[in-house]
Amino acid sequence: SAKDMKHRLGFLLQKSDSCDYSSSQSKKEKISSSQRLSQEEVRKWADSLENLIHHDRGLAAFRAFLKSEYSEENIEFWVSCEEYKKTKSPAKLSPKARKIYDEFISVQATKEVNLDSCTREKTSHNMLEPTLSCFDEAQRKIFTLMEKDSYRRFLKSPYYLDLVSPPGAGCRPENCKRNHAHTLDCNSNIISQCA
C-alpha cells in the first residue's frame, strides 16, 4: 500500500549511524525553507532519468525504489562508474576498476548487473589496461536499461507520486504517521534530510 511504501522510503533513506529521531528532528529545524525540496524540482525528475539521478534527493528516492524492487545494483553500478571517472591518480585506476569489475561485472559478482555478453567481454578486455572510460559502454547500457524499465515504473510509483502531488492534496499534518525512528512528512518532505 502507499502507506507501506512511504514508510519504506523514509526508512531506507535514513543513515543508521547518524540519523536517529532526535538528530533528524534537529537537522530539520536547522534547514531553511529554501533548502527544502520544491515541487518544481520534483517535476523536473519526470523530464529525464538524468535529471532524477543528478539530483541528490532524486537519486536517493530512485535508489529506495530500486531497493524495493531488488534491483539497486543497477544504480549502484552507475554511481560507482561516475565516481571512478573522477579518479585523479593513474596508480589508483587499476585497483578501483578491479573492485567495480569484481562487484558488478564478473560472473561471480556479488551485485552482478544485466549486461549482454558482448559488452561484458569488451569490459573484461578493458580491464587489461584500465582507463577512465573503461566502463563507459557498460554504464551506458545499464543507464538505458534503467531508463526504459525501472525509471518508468518509478514515475508511476508512490515513491514519486507522493512527492510530486501538490501540498494539501489529501494529506493533512494529523494524518502523517510518526515512526519511533523518524518522522514521515507528507508530500515534498518525505525524503529525509539525512540522505
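Just so we're clear, the structure is a prediction, and the values are computed from it rather than from any experiment.
A donor-acceptor contact shorter than 3.5 Å links the side chain of Thr144 to the backbone of Arg140. The closest donor-acceptor contact from the side chain of Gln39 to the backbone of Leu163 lies under 3.5 Å. With hydrogens and angles ignored, the 3.5 Å screen pairs no side-chain donor or acceptor of His125 with any backbone N or O of Glu121. Between the side chain of Ser89 and the main chain of Ala91, a donor-acceptor pair closer than 3.5 Å is present. The closest donor-acceptor contact from the side chain of Asn51 to the backbone of Lys44 lies under 3.5 Å.
The distance from atom CD of Glu69 to atom CZ of Arg153, rounded to the nearest 0.5 Å, is 4.0 Å. Atoms OG and CG, on Ser71 and Asp149 in that order, are 7.5 Å from each other to the nearest 0.5 Å. With values rounded to the nearest 0.5 angstrom, Leu52 atom CG is found 12.0 Å from Glu41 atom CD. Remark: Gln139 CD to Ser133 OG distance equals 11.0 Å, nearest 0.5 Å. For the atom pair Leu145 CG and Phe77 CZ, the distance stands at 11.5 Å (nearest 0.5 Å). One distance of note links CD1 of Ile142 with CG of Asn114; it measures 6.5 Å at 0.5 Å rounding.
Of all non-hydrogen atoms in Ser68 and Tyr159, the two that sit nearest each other are CB-OH, 3.2 Å. Nearest heavy-atom pair across Met146 and Ile75 is SD-N, 3.8 Å. Listed here is the closest heavy atom pair of Tyr160 and Ala46: OH-CB, 3.3 Å. The shortest heavy-atom contact between Phe104 and Ser80 is CE1-OG, 3.6 Å. Across every non-hydrogen atom of Ala138 and Ile105, the tightest pair is CB-CD1, 4.4 Å. Glu112 and Glu73 get closest at one heavy-atom pair: O-CG, 3.7 Å.
In summary, the side chains of Ser48 and Tyr151 do not present any donor paired with an acceptor at a separation below 3.5 Å, with no hydrogens or angles considered. Using a 3.5 Å distance cut-off with no hydrogens or angles, the side chains of Asn126 and Thr123 do not pair a donor with an acceptor.
A salt bridge is absent between Arg120 and Asp116: the closest approach of a Lys/Arg side-chain nitrogen to an acidic carboxylate oxygen does not fall below 4.0 angstrom. Using a 4.0 Å cut-off between a side-chain N of Lys or Arg and a carboxylate O of Asp or Glu, Lys122 and Glu137 qualify as a salt bridge. A salt bridge does not link Glu40 to Arg43: none of the charged nitrogens lies less than 4.0 Å from a carboxylate oxygen. Checked for salt-bridge contact, Asp102 and Arg98 meet the test: a charged N lies under 4.0 Å from a carboxylate O. For the pair Glu72 and Lys67, the salt-bridge criterion is not met [side-chain N within less than 4.0 Å of a carboxylate O].
In this structure, Tyr101 and Ser124 have side chains that are in contact, with non-hydrogen atoms separated by less than 4.5 Å. The side-chain heavy atoms of His55 and Trp45, taken from C-beta on, include a pair separated by under 4.5 Å.
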| Given the rule in the side chain to side chain contact (heavy atoms under 4.5 Å, CB included) test, do Arg152 and Glu147 qualify, once you have shown the distances and angles that lead to the verdict? | CA-CA 7 Å; Arg152 291 179 183 176; Glu147 188 175 44; over 6 Å; no

| request: Begin with the C-alpha distance, continue with both residues' side-chain angles, and end with the deciding distance and a verdict on side chain to side chain contact (heavy atoms under 4.5 Å, CB included) for Thr131 and Leu93. | output: CA-CA 7 Å; Thr131 64; Leu93 281 181; 5.5 Å; no

| request: Quick one: do Val79 and Leu59 satisfy side chain to side chain contact (heavy atoms under 4.5 Å, CB included)? Show the steps, please. | output: CA-CA 10 Å; Val79 168; Leu59 178 62; 4.1 Å; yes

| request: Please test Lys85 against Asp136 for side chain to side chain contact (heavy atoms under 4.5 Å, CB included), starting from the C-alpha separation and ending with a verdict. | output: CA-CA 9 Å; Lys85 287 189 246 184; Asp136 284 0; 3.9 Å; yes

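Aromatic ring orientation, Phe143 versus Trp78: tilted (interplanar angle from 30° to 60°).
Taking the six-membered ring for Trp, Phe135 and Tyr84 have ring centres closer than 6.0 Å.
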